[in-house]
Amino acid sequence: MILNKQITLRQIIKGEDRPSNHGQVSESINDTLVTVNVTTLSTQTTIRLFGVTNPTMVTVRSLTPLPDFDLALIDGKRYKHYAQQSITDRRNL
């Protein structure tokens, strides 16, 4: 497995709703840059593994634990976390 792609894992932290905020909830964004292996999945593979027909799914593989995140930015596109698998030293998203 070649770890050759840098992606951004974004965590959105919502602030508290207080009267001093006048109903506006503040958000802060924590971005973490990680180096992983990114592989595109074929439509047949997504049907077999996940039961959905989504040709835009990708697999992200890492040898180290990944931080908590809400979405991943890969080549300027936003991806949501769909499923996760950990086998010994590998983490697949």
- Task: Show your working on side chain to side chain donor-acceptor pair (under 3.5 Å) between N37 and T39 and close with a plain yes or no.
- Result: CA-CA 7 Å; N37 176 272; T39 308; 3.1 Å; yes

Which value, rounded to the nearest 0.5 Å, describes the distance between [X] atom [atom1] and [Y] atom [atom2]?
| X | Y | atom1 | atom2 | result |
| --- | --- | --- | --- | --- |
| I7 | I74 | CD1 | CD1 | 4.5 Å |
| H81 | D68 | NE2 | CG | 10.0 Å |
| I47 | M57 | CD1 | CE | 11.0 Å |
| T8 | D75 | OG1 | CG | 10.0 Å |
| Y79 | T56 | OH | OG1 | 6.0 Å |

Nearest heavy-atom pair of [X] and [Y]: which atoms, and what distance?
| X | Y | value |
| --- | --- | --- |
| I12 | L71 | CD1-CD2, 4.4 Å |
| T35 | N4 | CG2-N, 4.4 Å |
| Y82 | V52 | OH-CG1, 3.6 Å |

- Determine whether S62 and V34 make a side-chain contact, defined as any pair of heavy atoms from C-beta on separated by less than 4.5 Å. no

- Would a 4.5 Å heavy-atom cut-off, applied to side chains only, mark V60 and K5 as touching? no

- Task: Under the side chain to side chain contact (heavy atoms under 4.5 Å, CB included) rule, what do L66 and V36 come out as? Steps first, then yes or no, please.
- Result: CA-CA 10 Å; L66 297 173; V36 295; 4.3 Å; yes

- Item | Any residue meeting side-chain contact (heavy atoms from CB on, under 4.5 Å) with T40, in chain and number order, not counting sequence neighbours | V58

- residues 30-46 vs salt bridge (Lys or Arg N to Asp or Glu O under 4.0 Å), sequence neighbours excluded, gives R10-D31

